[in-house]
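Remarks on the structure that follows.
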There are 2 protein chains.
Amino acid sequence: MLKDIIEKLRSKGCKITPQRRIIIQSLIKFTKFPTASELCNDIRQTNPEISLDTVYRNLNLLIDMGVVNQINLPGKDANVFELSLEGHHHHLVCLGCGAADCLDYCPVDEKELQKATGLKFEIIGHSLELYGYCEKCKALSK
Amino acid sequence: MLKDIIEKLRSKGCKITPQRRIIIQSLIKFTKFPTASELCNDIRQTNPEISLDTVYRNLNLLIDMGVVNQINLPGKDANVFELSLEGHHHHLVCLGCGAADCLDYCPVDEKELQKATGLKFEIIGHSLELYGYCEKCKALSK
DNA sequence: CTTGATGCAAACTCTTTGCAGTACC
DNA sequence: GGTACTGCAAAGAGTTTGCATCAAG
(Lines give C-alpha, C1' and ligand atoms only; values in the text may rest on other atoms or scores of the structure.)
Protein backbone atom coordinates (compact mmCIF):
# COMPACT_ATOMS: atom_id res chain seq x y z
CA MET A 1 0.00 0.00 0.00
CA LEU A 2 2.78 2.41 0.95
CA LYS A 3 4.81 1.08 -1.97
CA ASP A 4 1.97 1.58 -4.42
CA ILE A 5 1.54 5.20 -3.42
CA ILE A 6 5.28 5.91 -3.48
CA GLU A 7 5.45 4.35 -6.91
CA LYS A 8 2.57 6.49 -8.13
CA LEU A 9 4.25 9.65 -6.85
CA ARG A 10 7.56 8.66 -8.37
CA SER A 11 5.95 7.97 -11.72
CA LYS A 12 4.54 11.49 -11.73
CA GLY A 13 7.92 13.00 -11.04
CA CYS A 14 7.54 13.74 -7.34
CA LYS A 15 10.51 13.38 -5.07
CA ILE A 16 10.24 10.94 -2.21
CA THR A 17 11.34 12.82 0.87
CA PRO A 18 11.35 11.36 4.38
CA GLN A 19 8.54 13.74 5.38
CA ARG A 20 6.41 12.61 2.47
CA ARG A 21 6.96 8.99 3.31
CA ILE A 22 6.08 9.49 6.96
CA ILE A 23 2.92 11.42 6.14
CA ILE A 24 1.65 8.56 3.99
CA GLN A 25 2.62 5.97 6.60
CA SER A 26 0.80 7.86 9.31
CA LEU A 27 -2.27 8.25 7.13
CA ILE A 28 -2.33 4.50 6.50
CA LYS A 29 -2.07 3.79 10.19
CA PHE A 30 -4.94 6.02 11.38
CA THR A 31 -8.17 4.28 12.33
CA LYS A 32 -10.19 7.48 12.21
CA PHE A 33 -9.92 10.09 9.49
CA PRO A 34 -7.53 12.69 10.84
CA THR A 35 -7.54 16.44 10.45
CA ALA A 36 -4.34 17.99 9.15
CA SER A 37 -3.17 18.89 12.63
CA GLU A 38 -4.04 15.50 14.13
CA LEU A 39 -1.92 13.97 11.43
CA CYS A 40 0.87 16.42 12.15
CA ASN A 41 0.77 15.73 15.88
CA ASP A 42 0.90 12.02 15.28
CA ILE A 43 3.96 12.38 13.07
CA ARG A 44 5.66 14.66 15.58
CA GLN A 45 5.71 11.87 18.16
CA THR A 46 8.45 10.26 16.12
CA ASN A 47 9.55 13.22 13.97
CA PRO A 48 9.23 16.38 16.05
CA GLU A 49 10.80 18.58 13.40
CA ILE A 50 8.06 18.29 10.76
CA SER A 51 6.10 21.46 10.09
CA LEU A 52 2.38 21.77 9.69
CA ASP A 53 2.71 23.51 6.33
CA THR A 54 4.56 20.51 4.94
CA VAL A 55 1.67 18.33 6.05
CA TYR A 56 -0.80 20.62 4.32
CA ARG A 57 1.29 20.84 1.18
CA ASN A 58 1.63 17.10 0.94
CA LEU A 59 -2.02 16.43 1.66
CA ASN A 60 -2.93 18.76 -1.19
CA LEU A 61 -0.40 17.05 -3.41
CA LEU A 62 -1.86 13.65 -2.55
CA ILE A 63 -5.35 14.96 -3.27
CA ASP A 64 -4.18 16.15 -6.69
CA MET A 65 -2.65 12.74 -7.30
CA GLY A 66 -5.97 11.13 -6.46
CA VAL A 67 -4.51 9.21 -3.53
CA VAL A 68 -6.30 11.12 -0.78
CA ASN A 69 -9.86 12.41 -0.36
CA GLN A 70 -10.85 15.40 1.66
CA ILE A 71 -14.11 14.96 3.54
CA ASN A 72 -16.16 17.80 5.00
CA LEU A 73 -17.88 16.79 8.18
CA PRO A 74 -20.47 19.07 9.74
CA GLY A 75 -19.41 20.99 12.83
CA LYS A 76 -15.96 21.55 14.25
CA ASP A 77 -12.87 19.71 13.02
CA ALA A 78 -14.66 19.68 9.74
CA ASN A 79 -11.87 18.92 7.29
CA VAL A 80 -10.58 15.38 7.50
CA PHE A 81 -8.52 13.30 5.12
CA GLU A 82 -8.70 9.70 4.00
CA LEU A 83 -6.78 7.46 1.67
CA SER A 84 -8.87 6.84 -1.40
CA LEU A 85 -7.48 3.75 -3.01
CA GLU A 86 -10.72 1.84 -2.76
CA GLY A 87 -12.82 3.74 -5.27
CA HIS A 88 -16.37 4.86 -4.66
CA HIS A 89 -17.64 4.22 -1.19
CA HIS A 90 -19.39 5.86 1.75
CA HIS A 91 -18.80 6.39 5.42
CA LEU A 92 -20.25 5.45 8.76
CA VAL A 93 -19.37 8.45 10.89
CA CYS A 94 -19.66 8.04 14.64
CA LEU A 95 -21.22 11.07 16.32
CA GLY A 96 -19.59 10.05 19.59
CA CYS A 97 -15.91 9.66 18.86
CA GLY A 98 -15.64 10.86 15.28
CA ALA A 99 -14.30 7.55 14.02
CA ALA A 100 -15.32 6.80 10.46
CA ASP A 101 -15.68 3.39 8.87
CA CYS A 102 -16.00 2.74 5.20
CA LEU A 103 -19.04 1.18 3.64
CA ASP A 104 -18.17 -0.56 0.37
CA TYR A 105 -21.78 -1.05 -0.50
CA CYS A 106 -23.39 1.91 -2.27
CA PRO A 107 -27.14 2.13 -1.79
CA VAL A 108 -27.58 5.07 -4.18
CA ASP A 109 -28.77 4.25 -7.67
CA GLU A 110 -27.94 7.32 -9.74
CA LYS A 111 -29.86 6.08 -12.76
CA GLU A 112 -33.01 5.68 -10.72
CA LEU A 113 -32.46 9.11 -9.22
CA GLN A 114 -31.95 10.65 -12.63
CA LYS A 115 -35.31 9.25 -13.67
CA ALA A 116 -36.95 10.56 -10.53
CA THR A 117 -35.53 14.06 -10.82
CA GLY A 118 -36.14 14.51 -14.52
CA LEU A 119 -33.85 15.98 -17.13
CA LYS A 120 -33.32 19.45 -15.74
CA PHE A 121 -30.38 18.43 -13.61
CA GLU A 122 -27.68 16.12 -14.88
CA ILE A 123 -26.41 13.98 -12.00
CA ILE A 124 -22.75 13.07 -12.24
CA GLY A 125 -21.91 12.10 -8.69
CA HIS A 126 -23.00 12.04 -5.09
CA SER A 127 -21.78 11.88 -1.56
CA LEU A 128 -23.49 10.02 1.23
CA GLU A 129 -22.50 10.01 4.88
CA LEU A 130 -24.26 7.91 7.47
CA TYR A 131 -24.31 9.21 11.02
CA GLY A 132 -24.78 7.19 14.15
CA TYR A 133 -22.92 5.47 16.96
CA CYS A 134 -20.21 2.86 16.81
CA GLU A 135 -20.15 -0.14 19.11
CA LYS A 136 -17.94 1.55 21.70
CA CYS A 137 -19.96 4.74 21.90
CA LYS A 138 -23.26 2.85 21.96
CA ALA A 139 -21.98 0.96 25.00
CA LEU A 140 -20.74 4.12 26.71
CA SER A 141 -24.07 5.88 26.42
CA LYS A 142 -25.87 3.09 28.27
CA MET B 1 -42.93 32.26 5.60
CA LEU B 2 -41.23 35.37 6.97
CA LYS B 3 -44.09 35.77 9.41
CA ASP B 4 -43.78 32.19 10.63
CA ILE B 5 -40.12 32.62 11.36
CA ILE B 6 -40.56 35.98 13.06
CA GLU B 7 -43.32 34.47 15.17
CA LYS B 8 -41.09 31.58 16.15
CA LEU B 9 -38.31 33.94 17.19
CA ARG B 10 -40.71 36.15 19.09
CA SER B 11 -42.14 33.16 20.94
CA LYS B 12 -38.66 32.26 22.12
CA GLY B 13 -38.05 35.73 23.45
CA CYS B 14 -35.87 37.08 20.65
CA LYS B 15 -36.15 40.69 19.67
CA ILE B 16 -37.08 41.46 16.10
CA THR B 17 -34.59 43.99 14.85
CA PRO B 18 -34.52 45.41 11.33
CA GLN B 19 -31.25 43.56 10.67
CA ARG B 20 -32.74 40.28 11.76
CA ARG B 21 -35.76 40.78 9.58
CA ILE B 22 -33.65 41.63 6.54
CA ILE B 23 -31.37 38.65 7.02
CA ILE B 24 -34.34 36.31 6.99
CA GLN B 25 -35.89 38.05 3.99
CA SER B 26 -32.68 37.80 2.04
CA LEU B 27 -32.30 34.15 2.94
CA ILE B 28 -35.82 33.44 1.67
CA LYS B 29 -35.10 35.25 -1.57
CA PHE B 30 -31.87 33.42 -2.50
CA THR B 31 -32.09 30.79 -5.21
CA LYS B 32 -28.75 29.24 -4.33
CA PHE B 33 -27.60 28.54 -0.80
CA PRO B 34 -25.48 31.54 0.15
CA THR B 35 -22.34 31.73 2.22
CA ALA B 36 -22.40 34.17 5.10
CA SER B 37 -20.61 36.83 3.09
CA GLU B 38 -22.77 36.37 0.00
CA LEU B 39 -25.76 36.92 2.23
CA CYS B 40 -24.13 39.98 3.75
CA ASN B 41 -23.28 41.46 0.36
CA ASP B 42 -26.80 40.94 -0.85
CA ILE B 43 -28.20 42.72 2.19
CA ARG B 44 -25.73 45.59 1.80
CA GLN B 45 -27.20 46.46 -1.58
CA THR B 46 -30.19 47.85 0.25
CA ASN B 47 -28.72 48.21 3.77
CA PRO B 48 -25.06 49.14 3.46
CA GLU B 49 -24.61 49.61 7.17
CA ILE B 50 -25.08 45.97 8.25
CA SER B 51 -21.99 44.24 9.58
CA LEU B 52 -20.80 40.78 8.75
CA ASP B 53 -20.65 39.77 12.42
CA THR B 54 -24.32 40.53 12.79
CA VAL B 55 -25.00 38.21 9.88
CA TYR B 56 -22.95 35.48 11.50
CA ARG B 57 -24.54 36.01 14.90
CA ASN B 58 -28.01 35.81 13.47
CA LEU B 59 -27.29 32.80 11.30
CA ASN B 60 -26.07 30.98 14.39
CA LEU B 61 -29.14 32.09 16.27
CA LEU B 62 -31.38 30.83 13.48
CA ILE B 63 -29.52 27.53 13.47
CA ASP B 64 -30.11 27.19 17.21
CA MET B 65 -33.78 27.95 16.63
CA GLY B 66 -33.94 25.20 14.05
CA VAL B 67 -34.91 27.58 11.27
CA VAL B 68 -31.67 27.37 9.31
CA ASN B 69 -29.37 24.51 8.32
CA GLN B 70 -25.67 24.80 7.72
CA ILE B 71 -24.42 22.68 4.84
CA ASN B 72 -20.78 21.78 4.26
CA LEU B 73 -19.93 21.57 0.61
CA PRO B 74 -16.59 20.20 -0.51
CA GLY B 75 -14.02 22.69 -1.74
CA LYS B 76 -14.07 26.45 -1.46
CA ASP B 77 -17.04 28.46 -0.23
CA ALA B 78 -17.76 25.42 1.83
CA ASN B 79 -20.16 26.73 4.44
CA VAL B 80 -23.54 27.62 3.05
CA PHE B 81 -26.87 28.20 4.74
CA GLU B 82 -30.40 27.17 3.89
CA LEU B 83 -33.80 27.63 5.42
CA SER B 84 -34.90 24.36 6.94
CA LEU B 85 -38.64 24.54 7.21
CA GLU B 86 -39.24 21.56 4.96
CA GLY B 87 -37.87 18.73 7.08
CA HIS B 88 -35.64 15.95 5.79
CA HIS B 89 -34.54 16.37 2.21
CA HIS B 90 -31.49 16.35 -0.04
CA HIS B 91 -29.81 18.65 -2.52
CA LEU B 92 -28.93 18.83 -6.16
CA VAL B 93 -25.75 20.89 -6.11
CA CYS B 94 -24.58 22.37 -9.40
CA LEU B 95 -20.83 22.06 -9.87
CA GLY B 96 -20.93 24.94 -12.34
CA CYS B 97 -22.66 27.79 -10.56
CA GLY B 98 -23.09 26.43 -7.04
CA ALA B 99 -26.86 26.69 -7.14
CA ALA B 100 -28.58 24.07 -5.03
CA ASP B 101 -32.05 22.72 -5.50
CA CYS B 102 -33.93 20.66 -3.00
CA LEU B 103 -34.99 17.11 -3.61
CA ASP B 104 -38.01 16.20 -1.49
CA TYR B 105 -37.73 12.57 -2.38
CA CYS B 106 -35.32 10.62 -0.18
CA PRO B 107 -33.82 7.56 -1.88
CA VAL B 108 -32.02 6.32 1.22
CA ASP B 109 -33.69 3.55 3.16
CA GLU B 110 -32.02 3.56 6.57
CA LYS B 111 -33.68 0.33 7.66
CA GLU B 112 -32.32 -1.50 4.63
CA LEU B 113 -28.92 0.02 5.26
CA GLN B 114 -28.99 -1.02 8.89
CA LYS B 115 -29.62 -4.58 7.77
CA ALA B 116 -26.80 -4.41 5.27
CA THR B 117 -24.26 -2.98 7.70
CA GLY B 118 -25.06 -5.25 10.61
CA LEU B 119 -25.42 -4.33 14.24
CA LYS B 120 -22.00 -2.89 14.95
CA PHE B 121 -22.97 0.60 13.90
CA GLU B 122 -26.28 2.15 14.87
CA ILE B 123 -27.47 4.44 12.08
CA ILE B 124 -29.42 7.44 13.24
CA GLY B 125 -29.19 9.78 10.28
CA HIS B 126 -27.58 10.52 6.97
CA SER B 127 -26.74 13.25 4.54
CA LEU B 128 -26.82 12.89 0.79
CA GLU B 129 -25.75 15.47 -1.75
CA LEU B 130 -26.08 14.94 -5.48
CA TYR B 131 -23.57 16.69 -7.72
CA GLY B 132 -23.99 17.57 -11.35
CA TYR B 133 -24.97 20.38 -13.68
CA CYS B 134 -28.11 22.45 -13.80
CA GLU B 135 -29.86 23.28 -17.04
CA LYS B 136 -28.05 26.61 -17.46
CA CYS B 137 -24.57 25.23 -16.84
CA LYS B 138 -25.22 22.18 -19.01
CA ALA B 139 -26.06 24.56 -21.88
CA LEU B 140 -22.99 26.72 -21.27
CA SER B 141 -20.58 23.82 -21.43
CA LYS B 142 -21.75 22.83 -24.91
C1' DC C 1 23.83 20.26 -10.57
C1' DT C 2 19.06 21.26 -11.11
C1' DT C 3 14.64 21.31 -9.58
C1' DG C 4 11.45 20.45 -6.37
C1' DA C 5 10.64 20.15 -1.23
C1' DT C 6 11.22 21.99 3.40
C1' DG C 7 10.85 25.18 7.38
C1' DC C 8 10.02 29.59 8.91
C1' DA C 9 7.31 33.56 9.11
C1' DA C 10 3.80 36.09 7.59
C1' DA C 11 -0.42 36.67 5.07
C1' DC C 12 -5.16 35.47 4.25
C1' DT C 13 -9.82 33.82 4.97
C1' DC C 14 -13.51 32.64 7.72
C1' DT C 15 -15.62 33.01 12.08
C1' DT C 16 -16.07 34.36 16.91
C1' DT C 17 -15.67 37.54 20.93
C1' DG C 18 -15.27 41.82 24.08
C1' DC C 19 -17.00 46.11 24.63
C1' DA C 20 -19.54 50.36 24.55
C1' DG C 21 -23.45 52.35 22.65
C1' DT C 22 -28.30 51.51 20.84
C1' DA C 23 -33.00 50.11 20.34
C1' DC C 24 -36.59 46.66 20.94
C1' DC C 25 -40.09 45.08 24.12
C1' DG D 1 -35.93 51.24 31.57
C1' DG D 2 -33.79 46.81 31.24
C1' DT D 3 -31.98 43.48 28.39
C1' DA D 4 -30.80 41.78 24.31
C1' DC D 5 -28.79 43.38 19.86
C1' DT D 6 -25.59 46.05 16.98
C1' DG D 7 -21.22 47.73 15.02
C1' DC D 8 -16.53 48.15 15.58
C1' DA D 9 -12.19 46.28 16.34
C1' DA D 10 -9.51 42.73 17.52
C1' DA D 11 -8.65 37.98 18.42
C1' DG D 12 -8.65 33.08 16.89
C1' DA D 13 -8.66 29.03 14.08
C1' DG D 14 -7.37 26.86 9.82
C1' DT D 15 -4.94 27.11 5.63
C1' DT D 16 -1.92 29.07 2.09
C1' DT D 17 2.19 31.61 0.27
C1' DG D 18 6.94 33.91 -0.35
C1' DC D 19 11.46 33.15 0.36
C1' DA D 20 15.95 31.33 1.40
C1' DT D 21 17.98 26.93 2.23
C1' DC D 22 18.44 22.06 1.50
C1' DA D 23 18.41 17.53 -0.55
C1' DA D 24 16.46 13.93 -4.03
C1' DG D 25 17.17 12.55 -8.59
Side-chain angles (χ1 to χ4, degrees), chain A residues 5-26 33-44 46-65 67-81 98, chain B residues 5-26 33-44 46-65 67-81 98:
Chain A
I5 296 171
I6 299 273
E7 203 41 56
K8 189 161 185 177
L9 291 182
R10 216 189 288 275
S11 76
K12 302 224 184 183
C14 300
K15 295 181 178 174
I16 309 305
T17 63
Q19 292 90 334
R20 201 158 275 175
R21 200 184 291 269
I22 292 161
I23 288 168
I24 300 167
Q25 281 175 340
S26 175
F33 298 148
T35 62
S37 62
E38 283 168 343
L39 193 57
C40 187
N41 288 333
D42 178 67
I43 295 169
R44 279 184 173 156
T46 55
N47 298 64
E49 72 291 344
I50 201 168
S51 71
L52 183 55
D53 5 58
T54 298
V55 174
Y56 273 111
R57 268 190 282 232
N58 280 298
L59 283 172
N60 284 332
L61 177 81
L62 293 168
I63 290 170
D64 288 346
M65 297 285 149
V67 178
V68 163
N69 281 338
Q70 184 165 1
I71 308 170
N72 291 91
L73 300 180
K76 286 292 150 205
D77 283 345
N79 279 325
V80 299
F81 299 87
Chain B
I5 297 171
I6 299 273
E7 203 40 57
K8 189 161 185 177
L9 291 182
R10 216 188 287 275
S11 76
K12 302 224 183 182
C14 299
K15 296 182 176 172
I16 308 305
T17 62
Q19 293 90 332
R20 200 158 276 177
R21 197 183 292 269
I22 293 161
I23 288 168
I24 300 168
Q25 281 176 340
S26 176
F33 297 148
T35 62
S37 62
E38 283 169 343
L39 193 58
C40 187
N41 287 335
D42 178 68
I43 294 168
R44 280 184 173 159
T46 54
N47 298 65
E49 73 290 344
I50 201 168
S51 71
L52 182 55
D53 6 61
T54 299
V55 174
Y56 272 111
R57 267 189 282 231
N58 280 298
L59 282 173
N60 284 333
L61 176 83
L62 292 169
I63 290 169
D64 289 345
M65 295 287 148
V67 177
V68 163
N69 281 339
Q70 184 165 2
I71 307 170
N72 291 90
L73 300 180
K76 287 290 148 206
D77 284 346
N79 278 326
V80 298
F81 300 86

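Worth knowing before you read on, the calculation uses all heavy atoms, side chains too, and leaves out hydrogens, waters and symmetry mates. Letters A, B, ... mirror the listed sequences (proteins, then strands); counts begin at 1.
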| request: Please round to the nearest 0.5 Å and tell me the distance separating atom CZ of Arg57(A) and atom OG of Ser51(A). | output: 6.5 Å
| Mind checking whether Ile63(B) and Asn69(B) have side chains closer than 4.5 Å, heavy atoms only? | no
| query | Nearest-Å distance, CZ (Arg20(A)) to C1' (dC22(D))? | reply | 14 Å
| Interatomic distance, Leu52(A) CG vs dA13(D) C1' [rounded to whole Å] | 11 Å
| said: With a 4.5 Å cut-off on side-chain heavy atoms, are Leu62(B) and Ile24(B) touching? | reply: yes
| Given atom CG of Leu61(B) and atom P of dT15(C), what is their separation to the nearest angstrom? | 17 Å
| Distance, rounded to the nearest Å, where Asn60(A) contributes CG and dG14(D) contributes C1' | 12 Å
| task | Using atom CD1 of Ile24(B) as one end and atom C1' of dC5(D) as the other, report the distance to the nearest whole Å. | result | 14 Å
| What is the distance from OH of Tyr56(A) to P of dC12(C), rounded to the nearest Å? | 18 Å
| note | Closest to the 5' end of DNA chain C, once Pro18(B) and Ser51(A) are matched to their nearest nucleotides, is Ser51(A)
| query | Has the side chain of Asp53(A) got a donor or acceptor atom sitting under 3.5 Å from an opposite partner on the base of dA9(C)? | reply | yes
| request: Calculate the interatomic distance between Ile6(A) atom CD1 and dG25(D) atom P; express it in whole Å. | output: 10 Å
| Sugar-phosphate, base or nothing in reach of Ile16(A), heavy atoms under 4.0 Å | sugar-phosphate
| said: Any base atoms under 4.0 Å from Arg57(B), or only sugar-phosphate, or nothing? Heavy atoms, all strands. | reply: base
| request: Using a 4.0 Å heavy-atom cut-off across all strands, classify Arg10(B) as base, sugar-phosphate, or nothing. | output: sugar-phosphate
| Has the side chain of Asp42(B) got a donor or acceptor atom that lies under 3.5 Å from a matching backbone atom of Glu38(B)? | no
